[in-house]
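The structure under discussion appears below in the form of structure tokens.
Residue numbering restarts at 1 for every chain, and letters A, B, ... go by the order of the sequence lines. Owing to the predicted nature of the structure, the values given are computational and were not obtained by experimental measurement.
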Number of protein chains: 2
Amino acid sequence: MLSPIRIDTVSALDAVLAIPGACPRFCRDEEIFGEGESADYVYQVVSGAVRTHRLLRDGRRQIDEFHFAGDYFGLELGELHRVSAEAMCDASIRLIRRGALSDLAARRGDAARAILRLTAEGLQRSQDHVLMLGRRSAIERVAGLLLDIAERTNARAELDVPMSRQDMADYLGLTIETVSRTLTSLQDEGLIALPSVRHVVLKDRRALERMTA
Amino acid sequence: MLSPIRIDTVSALDAVLAIPGACPRFCRDEEIFGEGESADYVYQVVSGAVRTHRLLRDGRRQIDEFHFAGDYFGLELGELHRVSAEAMCDASIRLIRRGALSDLAARRGDAARAILRLTAEGLQRSQDHVLMLGRRSAIERVAGLLLDIAERTNARAELDVPMSRQDMADYLGLTIETVSRTLTSLQDEGLIALPSVRHVVLKDRRALERMTA
DNA sequence: CGACACTTTGAAGAGGTTCAACTGGTGTGG
DNA sequence: CCACACCAGTTGAACCTCTTCAAAGTGTCG
């Protein structure tokens, strides 16, 4: 049973926002929507992983967020998307008509609260991101990202990392070389292992957590 | 947010959220609430200016946001404040009981939408902050902050800067010395003037905007 | 006027970037 | 089935922006 203000589980959110929608597949690096386009849909990752990003005029890219199975993205206050979204690997994405969602929110208080909750969670994550970019060193940022991926993909020690080094760099406000060197140094210190480029084993989670706390 | 009905002005928001509340005064650097405290109120700046921040264990500080007259802050999804808030100068702050706000939101769709709108605007600002910290140089960050202050305080060319250099640094992810040097170099280039420490004159706004676009 | 906090400036240093070369894994074609 | 090409990732070295540490300057308030 839901409290008047809190919706406590992802599945509860999904139940409230269960609106039929198409569920197309996108392949690796395919654009789902672009910055400045009309925000006619809200999206949910069914399988795979998605990145959302913004670009400066000169090409500098900042990845805003990574989205994993179950996550919603593309929810906007205004009429236009403020970020672009691309699949990081083959992904299936549920499309929810924005009009259907606002109709639902207008009729049902719990749906309106679910939307508020999604937005507020996005804000919390963005605030964490700000703290990371403003005040943490490269090694702390990388450690934090690995732990975040572990948590959000429900991985134990061994992670499937769906993003390239460039994606990690553009999320962390670093360069690809710094990310690579930092991962190597974490490996040298025995905190992680890198069996392959897109797999990371967390060997000393406690130590990683100490870096990010 | 999702609804076709938009609330377009701050005053409209205020009308919807007009709940009687105390309006205490805080003096410079006084804490309004602390990170981890129970979030029993939502706050609105009546006059003055407020900063919200988070601290790492070792004392590194990241300012999350500056709040000016009319701005709401301290709105939380969960039970606890995730940031601390302090007055940057003498300020009067309206306190709104959170319970009163959620009652109102439960009864009136437009109030619920107003809360969503506030949250979504906070998210947009936080995303802009992420882009700034992740991918902009010191001079671009400082220029961006000055323009932001100008816009939010409705200043034309001459700005009243309510924050210290340390506050600017902790918002921009820089050090106090870098902020100071950057302001000096903007002055040397003729883009701004610094008649006194807490006053800035924007002499070439176009050039400043070019840096931040 | 003097004390104190904040700001500015200077010089040296570090962390991260840049540019460049090399490595390794993957896919393709002979 | 191997050779080769290609691309992402790694490593190295030089460089640069920003930081750190130190000192001097400025403004404010008793």
Side-chain angles (χ1 to χ4, degrees), chain A residues 27-29 51 56 58-62 86 88-90 132-146 159-189 192-200 211, chain B residues 27-29 51 56 58-63 86 88-90 132-146 160-189 192-200 211:
Chain A
C27 55
R28 190 164 192 252
D29 294 326
R51 61 178 175 252
L56 296 181
D58 62 6
R60 283 176 286 180
R61 183 178 76 151
Q62 178 64 46
E86 294 162 357
M88 288 197 287
C89 49
D90 292 1
M132 176 122 123
L133 296 177
R135 288 298 177 221
R136 303 193 112 109
S137 66
I139 198 165
E140 292 169 335
R141 296 184 204 187
V142 171
L145 175 58
L146 294 179
L159 304 190
D160 251 300
V161 179
M163 65 283 286
S164 67
R165 296 290 185 265
Q166 187 67 63
D167 289 336
M168 297 174 76
D170 288 345
Y171 179 76
L172 297 175
L174 301 170
T175 60
I176 186 176
E177 294 94 334
T178 298
V179 170
S180 180
R181 276 187 256 268
T182 303
L183 286 168
T184 304
S185 83
L186 285 170
Q187 185 176 35
D188 292 348
E189 293 169 33
I192 64 170
L194 297 162
S196 79
V197 166
R198 300 222 175 183
H199 289 86
V200 178
M211 284 187 175
Chain B
C27 56
R28 190 164 191 252
D29 293 327
R51 61 177 174 253
L56 296 181
D58 61 6
R60 282 175 288 180
R61 182 177 75 151
Q62 177 64 48
I63 291 186
E86 294 162 357
M88 286 196 289
C89 50
D90 291 359
M132 177 121 122
L133 296 177
R135 288 297 178 223
R136 302 194 113 109
S137 67
I139 198 166
E140 291 169 337
R141 295 183 204 188
V142 171
L145 175 58
L146 295 179
D160 251 299
V161 179
M163 66 282 288
S164 67
R165 296 289 184 267
Q166 187 67 64
D167 290 336
M168 297 175 76
D170 288 346
Y171 179 76
L172 298 174
L174 300 170
T175 61
I176 185 175
E177 294 94 333
T178 299
V179 170
S180 179
R181 275 187 256 268
T182 303
L183 285 168
T184 303
S185 84
L186 284 170
Q187 185 175 37
D188 293 347
E189 292 169 33
I192 64 170
L194 296 163
S196 79
V197 167
R198 300 220 174 187
H199 288 86
V200 177
M211 284 187 177

Let's test your reading of the model: under 3.5 Å, does the base of D:dG12 pair with the side chain of A:R181 as donor and acceptor?
yes
With the side chain of A:A138 defined as its heavy atoms from C-beta on, choose the nearest nucleotide among C:dT7, D:dG9, C:dG16.
C:dG16
Quick check for you: among D:dT11, C:dT7, D:dC18, whose closest atom lies nearest to any side-chain atom of B:L174?
D:dC18
Please report, rounded to the nearest Å, how far the C1' atom of C:dC6 is from the CG atom of B:D29.
12 Å
Nearest-Å distance, CZ (B:R141) to C1' (D:dT17)?
11 Å
Which is true for B:S196 with a 4.0 Å heavy-atom rule: it touches a base, it touches only sugar-phosphate, or it touches nothing?
nothing
Tell me which of A:R165 and B:I139 sits closer to the 5' end of DNA chain D, going by the nucleotide each one is nearest to.
A:R165
Only one of A:R60, A:R61, A:R165 forms a salt bridge (charged side-chain N to carboxylate O under 4.0 Å, His left out) with A:D170, so which one is it?
A:R61
At 4.0 Å (heavy atoms only), tell me whether A:L183 reaches a base, stays on the sugar-phosphate, or touches nothing.
nothing
Among D:dC21, C:dT7, C:dT8, which is the nearest nucleotide to the side chain of B:E177?
D:dC21
Ranking C:dG16, D:dG9, C:dT7 by distance to the side chain of A:R198, first place goes to D:dG9
For atom CD1 of A:I176 and atom P of D:dT11, their distance in whole Å
13 Å
Show the nearest heavy-atom pair for residues A:L183 and A:I192, with the distance to one decimal.
O-CD1, 3.7 Å
